[in-house]
Amino acid sequence: SRGLGDVYKRQLVSWGWMEHIIGGEYRRIATMTAEDFPALLEARSAIIGDLRSDHQDALDEFNEICDSHQDVLWEIVFESP
């Protein structure tokens, strides 16, 4: 497993977890930011690849518990501190 290895460090600007307001204590949203969409998609693919190769049982259990997922990409045009 690469953990937060080279692909992640090179491609991601930040990452984190957010809690859903409704839906249960353990429902979370994974967040990732990158310089551009190709970098974000490369990092996402690497993470999923790592999960499939190193943690397939946990990934299967996760998908069994939470069987609906949506990936959403936003492009931030203006940002203030």
Side-chain angles (χ1 to χ4, degrees):
S1 172
R2 287 181 283 188
L4 280 176
D6 292 339
V7 170
Y8 312 138
K9 290 176 184 175
R10 185 175 67 247
Q11 301 296 3
L12 293 180
V13 173
S14 68
W15 67 275
W17 293 98
M18 297 171 62
E19 182 178 357
H20 284 268
I21 294 173
I22 56 174
E25 180 179 356
Y26 297 105
R27 291 189 51 96
R28 301 287 187 263
I29 301 169
T31 62
M32 293 180 270
T33 59
E35 291 295 326
D36 53 36
F37 288 140
L40 181 64
L41 294 173
E42 182 181 351
R44 180 187 173 278
S45 292
I47 291 167
I48 292 171
D50 280 355
L51 288 171
R52 285 187 177 140
S53 66
D54 298 338
H55 305 285
Q56 186 63 52
D57 290 342
L59 186 60
D60 289 344
E61 183 177 359
F62 172 78
N63 286 323
E64 185 178 315
I65 293 168
C66 184
D67 62 357
S68 66
H69 308 282
Q70 292 180 339
D71 294 331
V72 180
L73 301 176
W74 287 293
E75 183 173 7
I76 299 172
V77 178
F78 297 105
E79 183 176 21
S80 60

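Residue numbers run from 1 in the order of the sequence given. Basis for what follows: all heavy atoms, side chains included, without hydrogens, waters or symmetry-related copies.
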| request: List, by chain and number, the other hydrophobic cluster members for Met18, where Ile, Leu, Val, Met, Phe, Trp and Tyr join if side-chain heavy atoms come within less than 4.5 Å, directly or indirectly. | output: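 Cluster partners of Met18: Ile29.
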Going from [atom1] on [X] to [atom2] on [Y], what distance comes out if it is rounded to the nearest 0.5 angstrom?
X: Leu51; Y: Asn63; atom1: CG; atom2: CG; answer: 9.5 Å
X: Glu42; Y: Leu12; atom1: CD; atom2: CG; answer: 9.5 Å
X: Gln11; Y: Ile47; atom1: CD; atom2: CD1; answer: 10.5 Å

| message | I'd like to know if Trp17 and Met32 are part of one continuous hydrophobic network [Ile/Leu/Val/Met/Phe/Trp/Tyr, side-chain heavy atoms within less than 4.5 Å]. | response |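 Yes, it is one cluster - the side chains of Met32 and Trp17 are joined through contacts under 4.5 Å.
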Residues forming a side chain to side chain donor-acceptor pair (under 3.5 Å) with [X], sequence neighbours excluded:
X: Gln56; value: Asp60
X: Asp57; value: none
X: Ser53; value: none
X: Thr31; value: none

| Looking at residues at least two apart in the chain, or sitting in another chain, which of them share a side-chain contact (heavy atoms from CB on, under 4.5 Å) with Leu73? |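 Partners of Leu73 under the side-chain contact (heavy atoms from CB on, under 4.5 Å) test: Phe37, Leu40, Leu41.
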| request: State which residues pass side-chain contact (heavy atoms from CB on, under 4.5 Å) with Trp74; sequence neighbours excluded, sorted by chain then number. | output: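 Per chain and number, Trp74 pairs via side-chain contact (heavy atoms from CB on, under 4.5 Å) with Val72.
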| query | Is there side-chain contact between Asp50 and His55, with heavy atoms separated by less than 4.5 Å? | reply |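 SC-SC contact between Asp50 and His55 ruled out.
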| salt bridge (charged side-chain N to carboxylate O under 4.0 Å, His left out) partners for Asp36, two or more places apart |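 Expected list: none.
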